[in-house]
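Residue numbers begin at 1 in each chain, while the letters A, B, ... track the order of the sequences. Side chains included, hydrogens not; waters and symmetry mates left out as well; all remaining heavy atoms used.
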There are 2 protein chains.
Amino acid sequence: MKKTKTERQRLLKETIEYTPFITDEELAKIFEVSIQTIRLDRMELQIPELRERIKSVAKLQWNEQVRALAVEDIIGEVVDLELDNRAISIFDVQKEHVFSQKNIARGHHLFAQANSLAVAVINDELALTATANISFTRQVKEGERVIAKASVEGKTDKGLTIVKVDSFVHEEPVFSGEFHMFRSTDD
Amino acid sequence: MKKTKTERQRLLKETIEYTPFITDEELAKIFEVSIQTIRLDRMELQIPELRERIKSVAKLQWNEQVRALAVEDIIGEVVDLELDNRAISIFDVQKEHVFSQKNIARGHHLFAQANSLAVAVINDELALTATANISFTRQVKEGERVIAKASVEGKTDKGLTIVKVDSFVHEEPVFSGEFHMFRSTDD
DNA sequence: ATTACTTTTAGTACCAAGTCTTAATATTTA
DNA sequence: TAAATATTAAGACTTGGTACTAAAAGTAAT
């Protein structure tokens, strides 16, 4: 039995949301109505045509890509950097960084900020973390801004560069870590 | 002065890669040649037409979106889990996880896998990492599969749950860490 | 300069997936 | 049964192309 108009439109909306790459012709077959009906439905529901739908999805992706390029190797924004000495980065905790239940930032984001800052501060084409000793001092909530400060502290007996990173929210310590970094060239 | 054919085609390729949402007509204006020339160029360079380009970008985005939903709270796929005892997860290192220069995985991804596994193994609505002592044993390359094994080892004198996580690529240790976890409820 | 070859432009027919408009049927409801 | 609502049909036009043919322009070689 054919559905009613409202029911069909409800399903139509769902279908297009779920599989946006579908033509009016295919939709017409699915709902056993004419192409024209589908087009009237789209008009009423304000759903744009296939090509526009594809385009908007593509634009989203494009923005994502651009964003990804900017972030690339560093988590958080580096605001101060003196190679082989010190560096500072800021990181705003957003929805995607917190546990879906409570709004507390997942530890690995704080670690990622500190770790990538430790990598960045080292004057070497390829610095890698060998060991790290870290502690999470207090929970960080969504919306808070974390300031990470890194300082190069010399070398271990094995020749690894020691970088200390302390992170704060409003002067209050939230994370601290000591990173022992491997570098590919001696300076 | 108009450029040579090869030069124009080189620039054309770049332009399209940089701004894929551009029509032949616009390209023709930019390079001051006819539409047909642009089309010949695209043929020779095997560059598909605008709509196909948009479509492929959109499909990428679509896949990303689906993938992002699945990952959510845990980095890597948990393949074994016995609460408050042990857990195993696998994590495939892909292009987006490695340094753009060399293809070595960035440390924070290995940490993220281990840390989220440590969170997952704890039988608590909200477990948080208090401190961690970690070391990166060997570099992990793009394409390698990292197996992380977590085991709960008891409590510290301060009541933090100790979780040891060791990660391997083909039995070979690549990462190991001891996490001290805070839990909101006593069991 | 003439021939030969490459490069560029032009023009036609066609396609997909639409829009926009007008008009003719169904189907439902008061 | 008449009026209102819903559906289908048909035609003209749009964008951004493909495929193909042909002519013109530019460049190089003999």
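Between Asp41(A) atom CG and dT19(C) atom P the separation is 12 Å, expressed in whole Å. Rounded to whole angstrom, the span from the CD1 atom of Ile38(A) across to the P atom of dA6(D) amounts to 15 Å. To the nearest angstrom, P of dA16(C) lies 12 Å from CD1 of Ile35(A). Glu44(B) has its CD atom 8 Å from the P atom of dT7(C), to the nearest Å. Whole-Å rounding puts the Lys5(B) NZ to dG26(D) P distance at 17 Å.
Salt bridge annotation for Arg53(B)-Glu17(B): absent, with no cationic side-chain nitrogen under 4.0 angstrom from a carboxylate oxygen. Between Glu142(B) and Lys95(B), no side-chain nitrogen of the basic residue sits less than 4.0 Å from a carboxylate oxygen of the acidic one, so the salt-bridge criterion is not met. Under a 4.0 Å N-O distance rule, the pair Asp24(A)/Arg39(A) qualifies as a salt bridge. Under a 4.0 Å N-O distance rule, the pair Glu52(B)/Lys55(B) qualifies as a salt bridge.
With sequence neighbours left out, the side-chain contact (heavy atoms from CB on, under 4.5 Å) criterion links Glu44(A) to Lys5(A), Gln9(A).
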Exercise. Reading nucleotides 13-22 of chain D from the 5' end, what letters show protein touch, with B for base, S for backbone sugar-phosphate only, - for no heavy atom under 4.0 Å?
Worked result: --BBBB----

Identify all pairs in which a protein N or O lies below 3.5 Å from an N or O of nucleotides 22-30 of chain C, and state each distance.
none

For this session: Might you work through the side-chain contact (heavy atoms from CB on, under 4.5 Å) test for Val174(A) and Phe168(A), ending with a clear yes or no?
Result: CA-CA 5 Å; Val174(A) 296; Phe168(A) 307 85; 5.7 Å; no

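The closest side-chain donor-acceptor pair between Glu7(A) and Thr4(A), if any, does not fall under 3.5 angstrom.
Ring orientation note: the planes of Phe179(B) and Phe111(B) are tilted relative to one another, at an angle of 30° to 60°.
Nucleic acid contact class of Leu40(B) (heavy atoms, under 4.0 Å, all strands): base.
The phosphate of dT8(C) (OP1 or OP2) has no side-chain N or O of Thr37(B) nearer than 4.0 angstrom.
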